[in-house]
Number of protein chains: 2
Amino acid sequence: MKTINSRSDCPIGYTLDIFGDRWTMLIIRDLLLYGKDSFSEFLCSDEKIATNILTDRLNMLLRDGFVTKHTAPTNKSRFLYRPTEKAIELIPVLMEITLWAEKYNPAGAPADIVEPLKKNRTKALRDLKKKVEERLKAE
Amino acid sequence: MKTINSRSDCPIGYTLDIFGDRWTMLIIRDLLLYGKDSFSEFLCSDEKIATNILTDRLNMLLRDGFVTKHTAPTNKSRFLYRPTEKAIELIPVLMEITLWAEKYNPAGAPADIVEPLKKNRTKALRDLKKKVEERLKAE
DNA sequence: TAAAGTTATTGCAAATTGCAATAACTATTT
DNA sequence: AAATAGTTATTGCAATTTGCAATAACTTTA
């Protein structure tokens with residue numbers, strides 16, 4: 001599994017030790033913004049992550065407390081991954097990335113996320129967080 | 001040089017195509033937060049980037065419009081790298097990462113950056129941006 | 001002119017990624 | 001009950017990237 005060797009005390013360095021690869025943050029995105037919660041859902045994202053990388057990164061996220069793992073009530077061979085508080089608190093990071101990217105790659109910004117953010121950042125962040133938490137409670 | 005194959009239209013995916021590695025964002029950090037602007041300064045950061053990787057990433061950042069490159073007025077064999085607007089606008093992303101990391105890795109958060117941010121986010125961001133722009137004007 | 005400083009390149013071993021095949025397991029269908 | 005389909009995880013291997021050391025090309029300093 002991808003291991004973390006802390007390279008420095010810097011908060012940016014710390015975060016890059018975890019998310020400094022092409023895949024890990026995409027799983028967090030899928031968990032928080034697209035409501036995905038299973039292996040097969042992560043697998044079919046546009047970026048086409050390979051199964052071995054997905055397995056590796058899910059284990060890493062589990063080990064480091066970003067997700068918890070549960071068997072689905074409907075199907076024992078299906079696992080559900082749920083974001084922890086540690087992951088949910090990455091929403092503001094994801095949103096600032098989205099706002100930045102919207103300026104330099106306007107093609108891909110989803111308006112339903114960007115517009116509320118531009119209008120009232122605090123409210124948009126609060127609403128997004130609430131939405132994720134409601135989804136978690138519903139299970 | 002590290003090339004970018006766009007994997008999706010998603011803003012998070014777009015940003016990861018650029019910054020989804022262990023080094024690129026550290027150079028942006030050094031440029032914006034620590035006022036570094038030369039090869040040798042980037043080289044001596046805590047994370048100890050290798051010269052070949054540094055060369056590669058500086059060329060990538062140059063090609064993609066995150067930095068401009070100038071010969072130093074005092075020394076023709078020394079090059080100075082200056083952040084463009086595209087890079088400067090990453091300050092909010094860096095700051096949200098810093099705030100998140102401060103919660104889960106409190107050891108390394110530099111108080112002189114975190115405290116103003118917590119107190120008044122908008123002002124702290126404005127001040128940081130102004131500081132970078134003043135530094136650029138001074139040359 | 002020699003020494004030191006700055007940026008960049010090269011070579012190579014080690015690690016990681018990308019891709020395909022397939023295994024282990026459960027659920028569904030016949 | 002047997003076959004089929006669905007879900008998650010593992011393995012093998014080629015290709016790519018990284019980490020590290022040596023060194024080259026150049027400019028400035030002594």
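Lettering follows sequence order; numbering is per chain, from 1. Side chains included, hydrogens not; waters and symmetry mates left out as well; all remaining heavy atoms used.
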Specify the separation, in whole Å, of atom [atom1] of [X] and atom [atom2] of [N].
X: B:M1; N: D:dT16; atom1: CE; atom2: P; value: 17 Å
X: B:L43; N: C:dT7; atom1: CG; atom2: P; value: 9 Å
X: B:K36; N: C:dT6; atom1: NZ; atom2: P; value: 14 Å
X: A:L58; N: D:dA9; atom1: CG; atom2: P; value: 7 Å
X: A:L54; N: D:dA9; atom1: CG; atom2: P; value: 8 Å
X: A:I49; N: D:dA9; atom1: CD1; atom2: C1'; value: 13 Å

*Validate the cation-pi geometry between A:K69 and A:F79: distance from NZ or CZ to the six-membered ring centre under 6.0 Å, angle to the ring axis within 45°.*
yes
*Within 45 degrees of the axis of the six-membered ring of B:W23 and under 6.0 Å from its centre: does A:R7 put its NZ or CZ there?*
yes
*asked:* Let's see if you get this right: which residues in residues 26-35 of chain A place a heavy atom under 4.0 Å from DNA chain C?
replied: none
*Can you check whether B:F66 and B:F19 have ring centres sitting under 6.0 Å from each other?*
yes
*Using a cut-off of 4.0 Å on non-hydrogen atoms, how would the nucleic acid contact of A:S40 be classed: base, sugar-phosphate, or nothing?*
sugar-phosphate
_Using a 4.0 Å heavy-atom cut-off, does B:Y81 contact any base of the nucleic acid, only the sugar-phosphate backbone, or nothing at all?_
sugar-phosphate
*asked:* Is it the case that the side chain of A:N59 and the backbone of A:T55 share a donor-acceptor pair, with hydrogens and angles ignored and the cut-off at 3.5 Å?
replied: yes
*Using a cut-off of less than 4.0 Å, is there contact between a side-chain N or O of A:K69 and OP1 or OP2 of D:dA9?*
yes
*asked:* Run the side chain to side chain contact (heavy atoms under 4.5 Å, CB included) test on A:L33 and A:L128 for me, step by step, so that the C-alpha distance in whole Å, both residues' side-chain angles and the decisive distance to 0.1 Å come before the verdict.
replied: CA-CA 8 Å; A:L33 306 186; A:L128 257 172; 4.2 Å; yes
_Side chains of B:T24 and B:D21: any donor to acceptor distance under 3.5 Å?_
yes
_A:M1: which of A:L62, A:D56, A:L58 passes side chain to side chain contact (heavy atoms under 4.5 Å, CB included)_ = A:D56
*B:L99/A:E89 under side chain to side chain contact (heavy atoms under 4.5 Å, CB included): CA gap, chis, key distance, verdict*: CA-CA 10 Å; B:L99 282 172; A:E89 303 227 358; over 6 Å; no
*asked:* Generate the contact string for nucleotides 17-30 of chain D. Rules: B means base contact, S means sugar-phosphate contact only, - means no protein heavy atom under 4.0 Å.
replied: -SBB-B----SS--
*Output all residues satisfying side-chain hydrogen bond (donor to acceptor under 3.5 Å, both in side chains) with B:K131, sequence neighbours left out; order by chain, then residue number.*
none
